[in-house]
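Worksheet: one structure, shown below.
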Number of protein chains: 2
Amino acid sequence: MTAELQQLRDRFIEVGGQITQSIGLGRVLGQVFAHIYFSPTPQGLNDLTQALEISKGAASMAVRQLMHWGAVQQVWVKGERKDYYEALTDFGSIIRRALLDQIGQRMETADALLTEAERLVPSLQKKATSDAEAFMQERVHKLHAFRNRAQHIWDSSIIKLLLK
Amino acid sequence: MTAELQQLRDRFIEVGGQITQSIGLGRVLGQVFAHIYFSPTPQGLNDLTQALEISKGAASMAVRQLMHWGAVQQVWVKGERKDYYEALTDFGSIIRRALLDQIGQRMETADALLTEAERLVPSLQKKATSDAEAFMQERVHKLHAFRNRAQHIWDSSIIKLLLK
DNA sequence: CAATCCGTTCAATAGGATTTGAAAATAGGT
DNA sequence: ACCTATTTTCAAATCCTATTGAACGGATTG
């Protein structure tokens, strides 16, 4: 491989790390995927620790996360005891799974709170509502309306990504 | 305001902080917005520092960020010198602006790299390409293809959010 | 079955991001 | 023009998260 190509590859690894870092997944994850993605041969943990100068633990964790999202798969290299990995390239599926995994629970947390708020707030309508209570009602209501719209947009975007 | 309502409000503030925290925007941002959103009257920096127990600096920065995304607007309270803020409720627009702002540059960075890669890689086709070079070509090509599709999905999702 | 090789775990640490708070800048009032 | 109230800035400190690496467990080999 020419020095030029190697340099390009390193840049991809760097940018991959920046991207995952910036979305709160840690630098290593993106770097590991980029490294494997640009490796013509399956890569073992050793290869990762050496190429990226990270610890075995970090490599192990990153690879497991990537497997969980189907970004990487284990391959069998005959005559070798080590685990080897290669990249999968259906980015749509990968991102879809990662998004569902990452954002799913947060949506549930927010949903739970909204549901509780709805349970509490409508009961106010019966009382002679103070200004403060009426205001609270309106705010919760607006939030609820947006939640429904967001849900819809979210679902249809996810489906789009899912389809080839 | 009843104790129950106050408690609910605090929970929204807490969850708001968790959400912005988890997407790498810092806890304060979400808390400040939630506080203002659930305040019937315009809020000054003092109100924020007291209610959320944060420093004046943090409050100032959070408010400015929120203004930049149109999540909050300054309002004039007559007879007061302080700046007061109230929440805007067009969440679609707010999120759209925040996304464009946050993800925009990253996309550009990645784009620049891909463009450079494309510039470098096609030139390889003329040479007698080694296996390594052919492989690199294929990988860059797949990435490029995805980029185009992602661009399309991104744009149409953004437009959906934009429209009421 | 002892020795070795790998992968995983997790407490400790390093590194980085967030927050503070004092100082500087700005705007308002007299 | 000065004084005061308020906001903004940014270096320093704090807090938190990602990463390390030693210890463990499981699996393979001779």
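Residue numbers begin at 1 in each chain, while the letters A, B, ... track the order of the sequences.
- Residue B:Q21 contributes atom CD, which lies 9 Å from atom P of D:dC16 at whole-angstrom precision.
- The interatomic distance linking B:Y85 (OH) with D:dT8 (C1') rounds to 10 Å, in whole Å.
- Annotation: B:E80, atom CD; neighbour count of heavy atoms from other residues, nucleotides and ligands within 6.0 Å is above 12.
- In this structure, B:L29 atom CG and C:dA17 atom P are separated by 17 Å, rounded to whole Å.
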For residues 94-110 of chain A, run the donor-acceptor check on the side chains, cut-off 3.5 Å, and write out each pair with its distance to 0.1 Å, sequence neighbours left out.
from: A:R97; atom 1: NE; to: A:W69; atom 2: O; distance (Å): 2.9
from: A:R97; atom 1: NH2; to: A:W69; atom 2: O; distance (Å): 3.2
from: A:D101; atom 1: OD2; to: A:W69; atom 2: NE1; distance (Å): 3.0
from: A:R106; atom 1: NE; to: B:S22; atom 2: OG; distance (Å): 3.1
from: A:T109; atom 1: OG1; to: A:Q105; atom 2: O; distance (Å): 3.2

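- Note: CG (A:D83) to P (D:dG26) measures 16 Å, nearest angstrom.
- A continuous path of ILVMFWY side-chain contacts below 4.5 Å connects B:L8 to B:V15, so both sit in one hydrophobic cluster.
- Heavy-atom distances under 4.0 Å link DNA chain C to B:E53, B:I54, B:S55, B:G57 of residues 42-57 of chain B, given in residue order.
- In terms of hydrophobic clustering, with Ile, Leu, Val, Met, Phe, Trp and Tyr side chains grouped at heavy-atom distances under 4.5 Å, B:Y37 and B:Y84 are assigned to different clusters.
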When you look at A:F12 and B:L114, which way does the side chain to side chain contact (heavy atoms under 4.5 Å, CB included) test go after all the steps?
CA-CA 9 Å; A:F12 272 112; B:L114 254 184; 4.3 Å; yes
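- In this structure, B:L25 places its CG atom 14 Å from P of C:dA17, rounding to the nearest Å.
- Within residues 58-77 of chain A, the residues that place at least one heavy atom under 4.0 Å from DNA chain C are, in residue-number order, A:S60, A:M61, A:R64.
- The CD atom of A:E80 sits 15 Å away from the C1' atom of D:dA27 (whole-angstrom rounding).
- No side-chain donor-acceptor contact under 3.5 Å links B:S60 to the backbone of B:K56.
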Could you give me the CA-CA distance, side-chain angles and deciding distance for A:F38 and B:L143, then say whether side chain to side chain contact (heavy atoms under 4.5 Å, CB included) is met?
CA-CA 11 Å; A:F38 284 108; B:L143 221 42; 3.9 Å; yes
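- Between B:R27 and C:dT19, a side-chain N or O to OP1/OP2 separation shorter than 4.0 Å is present.
- Between A:L52 atom CG and A:I13 atom CD1 the span is 6.0 Å, to the nearest 0.5 Å.
- For the pair B:R81 CZ and D:dT6 C1', the computed distance is 7 Å after rounding to whole Å.
- Side-chain contact annotation: B:D10 with B:Q6, donor-acceptor N/O pair under 3.5 Å present.
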